[in-house]
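Shown next, in structure tokens, is the structure this report addresses.
Both counts, for ligands and for their atoms, begin at 1 and track the order of listing.
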Amino acid sequence: MTAGKDADRLAFLGQLAAGLAHEIRTPLSTLQANLQLLQEDWEEGKTEKERASVQRIKLLLKETSRLEEIVNDFLRFAGMHKLNRIPHDLNRVIAEVLDFVGPEAQQKKVRILKSFGEMPKVPVDVNLFKQALLNLVMNAIQAMPNGGELIVRTQKWREYAQVDVADTGSGMTSETQAKIFDVYFSTKKTGTGLGLPTARRIVHEHDGTVGLTSEPGKGSCFTIRIPIGGEAKQGPAISL
Ligand SMILES: Nc1ncnc2c1ncn2[C@@H]1O[C@H](COP(=O)(O)OP(=O)(O)O)[C@@H](O)[C@H]1O
Ligand SMILES: [Mg+2]
């Protein structure tokens, strides 16, 4: 089989898988809605048996949420995004993402420090860029279960907009670092392992790069660089 045919086949399988994941969502939300109703019905359980049933329903609900998370992460990864690059004030976009995670960070005793440098407008697909940044920021927060600092720096670097997302969390061994961009690689109990592959794919689609420095026990720093130059342009569709 030629490389071209392989690529076609992969793209086709990707579309099939994305279709499948999409189809799973409807019955899943019916399941969820009905389990929620059941939970309400049995909430005031009086007998031992009724209380045991409530616990079972809760477990089922937790598992359906997990399924939903897996399917949504997959769709975000495999989704046929059309890039819509428009010049944006990246500092403002980043500030919005950090505001969004503010409550979560506060709850986890994570202090958010911003150090924003001057940057010209950068052509990005703002929703996809936010998604990529959110994935890095959530990982950073999750790497600091006992609190710490999340430092987000921006600066112009040559003809690129550079964004550093640093944390004072667990850090990673070089063995872990070698695998983090692999699809489905996760060291977390309930991780999907799609956050970083998705973030990297989005940055690559913007002709950018993702770099990493990390030290076990000290923390990690992810560096995104996105080219400033270039017209706002309609990029190619991302496919598997
Ligand atoms: N900031 C970080 N600090 C420590 N480990 C990290 C960090 N970001 C990512 N990782 C590691 O990379 C793995 C893959 O991340 P990701 O693709 O987002 O999947 P998930 O978060 O679902 O596990 C994580 O399970 C974790 O081991
Ligand atoms: Mg993640």
- Note on the structure: In short, Glu69 meets Thr190 closest at the heavy-atom pair OE2-O, 4.3 Å
- Message: If you compare all heavy atoms of Ala21 against all heavy atoms of Phe74, which two are closest, and at what distance to 0.1 Å?
- Response: CB-CD2, 3.6 Å
Using the rule that Ile, Leu, Val, Met, Phe, Trp and Tyr join whenever any side-chain heavy atoms are under 4.5 Å apart, tell me whether [X] and [Y] fall into a single cluster.
X      : Y      : result
Phe181 : Leu133 : yes
Phe185 : Phe222 : yes
Val210 : Met138 : yes
Ile151 : Leu134 : no

[X]: numbered ligand 1 atoms lying under 4.0 Å from its heavy atoms:
X      : result
Thr187 : 24 (C), 25 (O), 26 (C), 27 (O)
Ala143 : 2 (C), 3 (N), 4 (C)
Phe185 : 14 (C)
Gly193 : 17 (O), 19 (O), 20 (P), 22 (O)
Phe222 : 1 (N), 8 (N)
Thr192 : 22 (O)
Ala140 : 1 (N)

- Might you work through the salt bridge (Lys or Arg N to Asp or Glu O under 4.0 Å) test for Asp207 and Arg85, ending with a clear yes or no? CA-CA 12 Å; Asp207 309 311; Arg85 293 176 75 165; 3.2 Å; yes
What I want to know is whether [X] and ligand 1 share at least one N or O pair that is separated by under 3.5 angstrom.
X      : result
Gly195 : yes
Lys188 : yes
Met172 : no

- Item | Sub-4.5 Å side-chain heavy-atom contact between Thr64 and Leu61 | yes
- Listing by chain and number, what protein N/O/S atoms are under 2.8 Å from the Mg ion (ligand 2)? Asn139 OD1
- Query: Using a distance-only test with no angle check, is there a side-chain donor-acceptor pair under 3.5 angstrom linking Gln131 and Asn135?
  - Reply: yes
- Is the closest side-chain donor-acceptor distance between Asp164 and Gln162 under 3.5 Å? yes
Answer yes when [X] and [Y] have at least one side-chain N-carboxylate O distance shorter than 4.0 Å, and no when they do not.
X      : Y      : value
Arg25  : Glu68  : no
Lys218 : Asp167 : no
Arg51  : Glu48  : yes

Close approach, [X] and ligand 1, non-hydrogen under 4.0 angstrom:
X      : result
Pro197 : yes
Phe181 : no
Asp167 : yes

- Would you sort out whether Leu150 and Val137 count as a side chain to side chain contact (heavy atoms under 4.5 Å, CB included), showing the intermediate values? CA-CA 8 Å; Leu150 165 67; Val137 166; 3.8 Å; yes
Do me a favour and list the nearest non-hydrogen protein atom to [atom] with residue, atom name and distance?
atom                    : value
atom 4 (C) of ligand 1  : Ser170 OG, 3.6 Å
atom 16 (P) of ligand 1 : Leu196 N, 3.6 Å
atom 18 (O) of ligand 1 : Asn139 ND2, 2.8 Å

- Item | Per-residue contact class, Ser186 against ligand 1 - non-hydrogen pairs under 4.0 Å | both
- Task: With sequence neighbours left out, write down each residue that passes side-chain hydrogen bond (donor to acceptor under 3.5 Å, both in side chains) with Glu104, or none if nothing qualifies.
- Result: Lys108
- Option whose closest heavy atom lies nearest to atom 12 (O) of ligand 1, chosen from Asp182, Leu136, Ile180: Ile180
